[in-house]
Participant: 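Dropping the structure in here first, questions after.
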Amino acid sequence: MAQIKLPDGSIKEIPDGTTVGQLAEGIGKRLAQAAIVGKVNGKLVDLFYPLTGGPHEVQIITDRDPEGLFVMRHSCAHVLAQALRHLYGTGVQYTIGPVIDNGFYYDIEFPKEVGFSADELPKVEKEMQRIVEQDLPFSREDVAPDRAKDLLHKENQRFKDEIIDELAKQGEQSVSIYRQGDFTDLCRGPHLPSTGRIKAVKLLNLAGAYWRGDAAREQLTRIYGTSFFDRKQLDEHLRMLEEAKKRDHRVLGPRLGLFTIDDAVGQGLVLWKPKGAVVRQELQNFISEHLRRQGYQQVFTPHIGRLGLYKTSGHYPYYRESQFPPLVDRELVDQLAAEGCGCAELANRMEKGEVEGYLLKPMNCPMHIRIFASEQRSYREMPVRLAEFGTVYRWEKSGELGGMTRVRGFTQDDAHLFCTEEQVSGEIQGCLELVKIVLATLGMNQYRVRVGLRDPDSAKYVGDADQWDRAEKACKDAAQTLGVNFTVEPGEAAFYGPKIDFVVRDVIGREWQLGTVQVDYQLPRRFDLAYTGADNKPHRPVMIHRAPFGSMERFIGVLTEHFAGAFPLWLAPVQVAVLSISEKSNAYAEQTADSLKAAGLRVESNLSPDKIGAKIRTATLDKIPYMVVLGEKEQQAGQVAIRHRTEGDKGSMALAEFIERLQQELATRGQAPAVANG
RNA sequence: GCUGGCAUAGCUCAGCGGUAGAGCGCCACCUUGGUAAGGUGGAGGUCCUGGGUUCAAGCCCCAGUGCCAGCUCCA
């Protein structure tokens, strides 16, 4: 007899060899019908998995469990590969087909004569549907690795060899083969009882992918799909994808006049248009207030600096690939040209440090360090906190660029804190507090925090172990004090010190690193920085790099999506739209707009001959927070009729009162709604 | 950088190897209106760039550039 314990705590005795499916049947008919797979002692197994001995903890996974969806999607990947073989012949090579967030994919190598395109996805879907309707049962066979290879060779598959060899090397005595109908695949499983359990499947797009993620190896076609247990959920998911597309900052940004990226200017170089500049300026003002409060000092530094500076910092040539090539000193170029020096030779000499040149700065820190080093420093003035909205340039590979989130020139809300060893902990806390204020004010609560620590088994880190221990503890403590969920990730530290990253997810599900706080022992040493201690001896300061927004470009890109372009009043490029009912009221409207502008508000008037409905629609689509509707009625009463973008008609009030309320809302940065009903 | 797809009016997109299209936007005129689209007319094109095939190329071929998806990378 086998002993099993069910999730409700009940204990059952069943004959040895009873399958999970049979167990489900014994519990209830409906459960058996809904059953997808079983979970035995925490491991997912097929319904035909036999239970023996025990005691085992057994749970029946149904289509209502997340694991059920996972298994179904995995089975979908198999059906996809099967359909492709039906349509494009046995020359179709299938490699790996895992489940991912919100779906699955399969990496395929098509025979050379097949030019597979996205247009054919519906055809493939139809074939998958046919396979689903046949309701083919999935079966499993456990075989020795060599036997598995033979089986798959019979299916014409060669990629699987490599996976099987690896499993064998890991000591696996047997591997599992799954089959449904005429399809055979190496797979860990488990799978659905049969293909008929797939209810709603949709192939989404294709993309290139490398075999084993290695650019040197075969290029495969990755086919993405998703599936759900009912049509409604699939439709809802597809609708959400559409919705997400509408929030995409690459669409919204240009439409709302925030920024443009112009091929004539260059790839990955952002042109901030007037409305985008307003948003950026407001954010910078906001953060500057907090910088002053926290005792930062603002500095400005140039866009280029001598190559030698970046050799000292270690940025050149170590990160050469991700920098724009150096600018070479004019006189030297002339002289070298006269000598007949070629490009290869020039690069060579530059590397060796024989050629003077300038680098478009990839980071601000070396220049801030030189500011710190420009004076003799006493422990009494520490910490020194130097802040700059500093623009840096990085040579991102062309395929990496996109929108505002991955660009070649960007402005960091950067700062470098030079402090004593004892001050590190407090300074980190101050940095995190700032990030927390920023994100809270903007209502961005969907972020995660990563504390990157050193890998204890690696020797690549600089600084002594004591320092590291203290700094890592300071980072962890600060994250704890901050009161946010954070993960500790050993091996994720920079080589020069531990770090804390804030990662935000955008509407398409991509994650972006925004704010970052990093402790650095390396640069103070490379630049031989020192301050005089109370003991009248020189001491090495510790540096902290921090950027709460990360970069203005990326931050505003993500922020645009976060608000779907509808910025809160304090950030809105246009805060109030003044709309005249008819041209008879244009004069009153203009006068009102002037008063609003005089009060410091950003105002746009619409005095066109459009009807009021159309004007309201336009202003609403432009995401302007407040509308002032002005007709003869308002003029006679000496009032303004207020409409809020999302809340609709707010009734009339005196202009002075409206201004007063807006100013209140601005003062609190929208933390308290200003124009309430009435 | 690699693979695939795409590139036509300011925007979103149709388009057949044979005279370049629609909707929105823009401009003008009519209308002077009351809380998400009033009507009419008009302007606007290097069909991404450079080559090639063809009597004829926006369409077919080659190369380049850019964008999108993904891979790889991301101090």
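Note on naming: letters A, B, ... go to the chains in the order of the sequence lines (proteins, then strands), and numbering restarts at 1 for each one. Computed over heavy atoms, backbone and side chain alike; hydrogens, waters and symmetry mates excluded.
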Participant: If you look at every strand shown and take non-hydrogen atoms under 4.0 Å, does A:A614 touch a base, only sugar-phosphate, or nothing?
Facilitator: sugar-phosphate
Participant: Do we see a donor-acceptor contact under 3.5 Å between the side chains of A:S322 and A:K397?
Facilitator: no
Participant: Could you tell me how far apart A:D248 (CG) and B:rC67 (P) are, to the nearest whole angstrom?
Facilitator: 14 Å
Participant: Both A:G266 and A:R406 contact RNA chain B. Which one's nearest nucleotide lies toward the 5' end?
Facilitator: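 Of the two residues, A:G266 wins.
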Participant: What is the separation between atom OH on A:Y224 and atom P on B:rU3, rounded to the nearest whole Å?
Facilitator: 17 Å
Participant: Once you round it to whole Å, what is the distance between C1' of B:rG70 and CD1 of A:I100?
Facilitator: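 Checked: the CD1 to C1' distance equals 11 Å.
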Participant: B:rA43 and B:rG70: how far apart are their P atoms, nearest whole angstrom?
Facilitator: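 Taking atom P in both B:rA43 and B:rG70, they lie 43 Å apart.
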Participant: Both A:Y496 and A:G268 contact RNA chain B. Taking the nearest nucleotide for each, which residue is further toward the 5' end?
Facilitator: A:G268
Participant: Set out, in order, the CA-CA distance, both residues' side-chain angles and the distance that settles ring pair (Phe, Tyr, Trp, His ring centres under 6.0 Å) for A:F104 and A:H74, then state yes or no.
Facilitator: CA-CA 7 Å; A:F104 61 91; A:H74 191 184; 9.6 Å; no
Participant: Within the 3.5 Å criterion, strictly below it, is a donor on A:Y626 or A:E665 matched to an acceptor on the partner's side chain?
Facilitator: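 Present: a donor and an acceptor within the cut-off.
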Participant: Are A:R526 and A:D528 close enough for a salt bridge, meaning some N to O gap below 4.0 Å?
Facilitator: no
Participant: If we take the C1' atom in both B:rG18 and B:rG10, what is their distance in whole Å?
Facilitator: 30 Å
Participant: Looking only at atom P, what distance separates B:rG15 and B:rC68, rounded to whole Å?
Facilitator: 23 Å
Participant: For A:L359 and B:rA75, give me the distance from atom CG to atom C1', rounded to whole Å.
Facilitator: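 Spelled out: CG on A:L359 to C1' on B:rA75 is 13 Å.
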Participant: Indicate whether the side chain of A:S608 and that of A:N606 have a donor and an acceptor atom separated by less than 3.5 Å.
Facilitator: yes
Participant: Side-chain donor-acceptor pair under 3.5 Å between A:H545 and A:D414, yes or no?
Facilitator: no
Participant: Reading 5' to 3' and counting Watson-Crick or G-U wobble pairs with both distances under 3.5 Å, write the dot-bracket notation for RNA chain B, | for bases paired outside the strand.
Facilitator: (((((((..((((....[..)))).(((((.......))))).....(((((..]....))))))))))))....
Participant: Atom CG of A:D263 to atom C1' of B:rC48: distance rounded to whole Å?
Facilitator: 9 Å
Participant: What is the distance, to the nearest angstrom, from the CD atom on A:Q267 to the P atom on B:rG66?
Facilitator: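 Checked: the CD to P distance equals 4 Å.
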Participant: Quote, to the nearest angstrom, the C1' distance that separates B:rC13 from B:rU8.
Facilitator: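 Looking at atom C1' only, B:rC13 and B:rU8 are 9 Å apart.
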Participant: In whole angstrom, what separates A:H416's NE2 from B:rA75's P?
Facilitator: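 Whole-Å distance recorded here is 15 Å.
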Participant: Whole angstrom is fine here: how far is it from CG in A:L523 over to C1' in B:rA75?
Facilitator: 10 Å
Participant: Across nucleotides 22-35 of chain B, 5' to 3', mark each nucleotide with B, S or - according to how protein heavy atoms within less than 4.0 Å reach it.
Facilitator: ---------BBBBB
Participant: Check whether any side-chain nitrogen or oxygen of A:T221 sits under 4.0 Å from OP1 or OP2 of B:rG4, and answer yes or no.
Facilitator: no
Participant: Between A:T301 and A:K361, is there a side-chain donor-acceptor contact under 3.5 Å, judged purely by atom types and distance?
Facilitator: yes
Participant: What interatomic distance, in whole Å, is found between P of B:rC67 and the corresponding atom of B:rC59?
Facilitator: 22 Å
Participant: Nearest to the A:R250 side chain among B:rG70, B:rA75, B:rC68, which nucleotide is it?
Facilitator: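 The answer is B:rC68.
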Participant: Determine whether the side chains of A:H368 and A:E388 contain a donor N or O and an acceptor N or O closer than 3.5 Å.
Facilitator: yes
Participant: Is it true that A:E657 and A:R661 make a salt bridge, defined as a side-chain N closer than 4.0 Å to a carboxylate O?
Facilitator: yes
Participant: Using a heavy-atom cut-off of 4.0 Å across all strands, would you classify A:Q518 as base, sugar-phosphate, or nothing?
Facilitator: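 Sugar-phosphate only.
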Participant: Can you tell me how far P in B:rG25 sits from the matching atom in B:rG38, rounded to whole Å?
Facilitator: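 B:rG25 and B:rG38 have their P atoms separated by 9 Å.
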Participant: Under 4.0 Å, counting only non-hydrogen atoms across every strand here, what does A:L220 touch: a base, just sugar-phosphate, or nothing?
Facilitator: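 Nothing, no heavy atom under 4.0 Å.
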Participant: Suppose you measure atom C1' in B:rA36 against the same atom in B:rU72; what distance do you get, rounded to whole Å?
Facilitator: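 Result for the C1' pair: 46 Å, nearest Å.
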Participant: Answer yes if the side chains of A:Y496 and A:Q518 hold a donor-acceptor pair under 3.5 Å, and no otherwise.
Facilitator: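 On atom types as modelled, these side chains qualify, holding a pair under 3.5 Å.
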Participant: Using the six-membered ring of A:Y105, assess whether NZ or CZ of A:R222 lies under 6.0 Å from its centre and within 45 degrees of the ring axis.
Facilitator: yes
Participant: Rounded to whole angstrom, note down the C1' distance from B:rA20 over to B:rC62.
Facilitator: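 It works out to 26 Å between them.
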